[in-house]
Amino acid sequence: MIDIQLLRNDTDAVAKRLAARGFRLDVAGFSALEDARRRIQVATEALQSERNAKSKQIGQAKAAKDQKRVDEIMAEVAGYGDRLKQMEAENDAVQAKLHALVSVIPNLLHQSVPAGTSAEQNAELRRWGEPRRFDFKPRDHVDLGALLGGLDFDTGAKLAGARFVVMRGQLARLHRALAQFMLDVHTTEHGYTEVYTPYMVSGACADGVSSLAKFSGDLFKIQDRDLYLIPTAEYPVTNFVRDEIVPLEALPLKYVCHSPCFRSEAGAAGKDTRGMIRNHQFDKVELVQIVHPSRSYELHEELTAHAEAILKKLALPYRTMLLCAGDTGFSSAKTYDLEVWLPGQDAYREISSCSNFEGFQARRMQARFRNEKARPDTLHTLNGSGLAVGRTLIAVLENYQRADGSVSVPEPLRSYMGGAGKITPA
RNA sequence: GGAAGGGUGGCAGAGCGGUCGAAUGCACCGGUCUUGAAAACCGGAAGCCAGCCAGUGGCUCGUGGGUUCGAAUCCCACCCCUUCCGCCA
């Protein structure tokens with residue numbers, strides 16, 4: 001949620017900043033609603049105050065055994081109940097309307113975010129690694145998977161439909177090795193605490209990190225229950241601090257979580273249908289940081305570097321993109337995407353997304369810390385993939401393939417693979 | 001699934017219709033004392049919202065409703081936790 005005070009005090013400026021990301025704020029509508037809210041809330045609270053004062057007097061009169069005085073005041077308060085009930089209902093209604101309006105407003109963008117409406121306008125900040133030159137025509141992961149006998153999309157489809165995969169043998173093991181490797185690096189080298197969480201969260205948690213009203217269609221919901229399959233471990237992990245006041249000295253909190261992710265891909269029909277680039281279920285190792293507002297941008301850079309470190313250790317060429325205004329997600333103030341080189345697609349493809357949400361999620365979640373003046377204050381939240389395991393598997397297969405269809409195992413993964421140096425066709 | 005008990009401030013734990021947003025203890029912060037610390041003593045301190053910013057008002061004792069002039073206290077529903085039994089990875 002954006003800062004409601006800021007929205008009230010400087011509505012036009014906020015509207016202008018929102019326009020930068022293509023969101024049109026109905027300024028007149030908001031102002032009218034806000035005026036009504038102020039009027040009704042003030043009036044309601046004034047009447048409540050009066051009621052409370054008189055009730056207190058009744059109590060005092062009763063204590064003084066002054067029955068005459070009690071009857072007098074009771075007569076005065078006679079009509080209050082109904083009037084109050086009506087005003088409170090009116091107040092609730094306008095508050096709900098206002099909340100509904102404000103909760104679907106996206107975050108304000110950081111000033112470093114470039115203008116733009118689509119991914120084409122994202123800014124490439126840096127490249128690392130040289131895409132390998134093949135002396136044969138490189139296969140994509142689907143062909144490699146078929147050759148190696150470890151990626152089975154037919155059985156995935158038989159079990160659950162399109163956008164599901166079954167992995168077998170050495171490829172299943174490589175997939176596991178990647179997740180283990182990432183967890184080990186982040187815990188031992190980058191200072192994260194490993195966590196294991198539920199793979200379903202309540203609607204309140206979902207609404208804490210994003211807008212459930214706006215994006216519930218992207219999630220798989222459990223029938224007849226207020227539970228959603230998580231689309232990323234960001235959902236459970238960030239909510240660790242919901243409704244909490246974190247002590248200052250505990251910051252920053254740094255968590256790493258390996259989990260499956262479930263996405264309906266509702267708006268992606270026909271996109272990336274080949275292979276396992278875009279599945280309904282995939283594994284991801286997620287980095288989450290809960291930080292002091294004064295350090296969020298510094299730590300955002302650090303977190304991004306932590307994700308990049310995995311790509312470097314695996315010697316996978318990648319580039320770092322700064323998303324433009326139109327491509328930055330609802331809750332984010334600033335997002336870096338890491339794109340890995342995929343020879344099979346002859347393109348860089350997203351493998352990690354690292355965002356600074358500033359206080360946007362924290363305000364939705366009521367996640368606070370006790371600041372230097374011992375007052376509750378809004379936290380900042382960060383997260384990033386470190387990395388998407390399925391896509392990393394694709395990247396390893398495609399970048400490490402040999403002419404005969406076998407695949408070398410990157411050095412850092414060999415100890416996780418029982419020392420195997422390569423994977424060969426079955 | 002069955003039975004019982006319980007959800008109150010950072011924690012523990014009173015209160016069970018009326019100056020209760022809440023006793024008390026621990027922890028915490030400030031002060032006195034001390035060479036310093038501890039102990040002792042004195043004092044302070046919940047969160048959210050609104051505001052014509054005042055030592056102002058409202059809301060909050062799991063959540064939502066109800067009764068009442070007045071609810072942490074009474075009634076209803078729901079959620080969650082604990083223990084026991086059953087079942088089970």
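We use all heavy atoms of the structure for the numbers below, so side chains are in, but hydrogens, waters and symmetry mates are not. Everything numeric in this text was worked out from a predicted model, so none of it was measured.
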- Among B/U67, B/C59, B/G57, which is the nearest nucleotide to the side chain of A/K85? B/U67
- Message: Is the distance between the ring centroids of A/Y297 and A/H380 under 6.0 Å?
- Response: no
- Message: Within the 4.0 Å heavy-atom criterion, would you say A/Q48 contacts the bases, only the backbone, or no part of the nucleic acid?
- Response: sugar-phosphate
- Query: Using a cut-off of 4.0 Å on non-hydrogen atoms, how would the nucleic acid contact of A/P376 be classed: base, sugar-phosphate, or nothing?
  - Reply: sugar-phosphate
- Message: It should be established whether A/N52 places a side-chain nitrogen or oxygen under 4.0 Å from OP1 or OP2 of nucleotide B/G58.
- Response: yes
- Note on the structure: Which of B/G58, B/C69, B/G51 is nearest the side chain of A/R8? It is B/G51
- Message: Quiz question: going by heavy-atom distance under 3.5 Å, is there a donor-acceptor pair between the base of B/G57 and the side chain of A/E45?
- Response: yes
- Item | Donor-acceptor pair present, A/K62 side chain and B/G18 base, under 3.5 Å | yes
- Between B/G70 and A/Q57, is there an OP1 or OP2 to side-chain N/O distance shorter than 4.0 Å? no
- Item | Heavy-atom side-chain proximity of A/F23 to A/L25 below 4.5 angstrom | yes
- Base, sugar-phosphate, or nothing: which does A/R39 touch, judged by heavy atoms less than 4.0 Å apart? nothing
- Query: Across the strands shown, which category fits A/E88 at heavy-atom distances under 4.0 angstrom: base, sugar-phosphate, nothing?
  - Reply: nothing
- Message: In terms of relative ring orientation, are A/Y192 and A/H186 parallel, tilted or perpendicular, with 30° and 60° separating the classes?
- Response: perpendicular
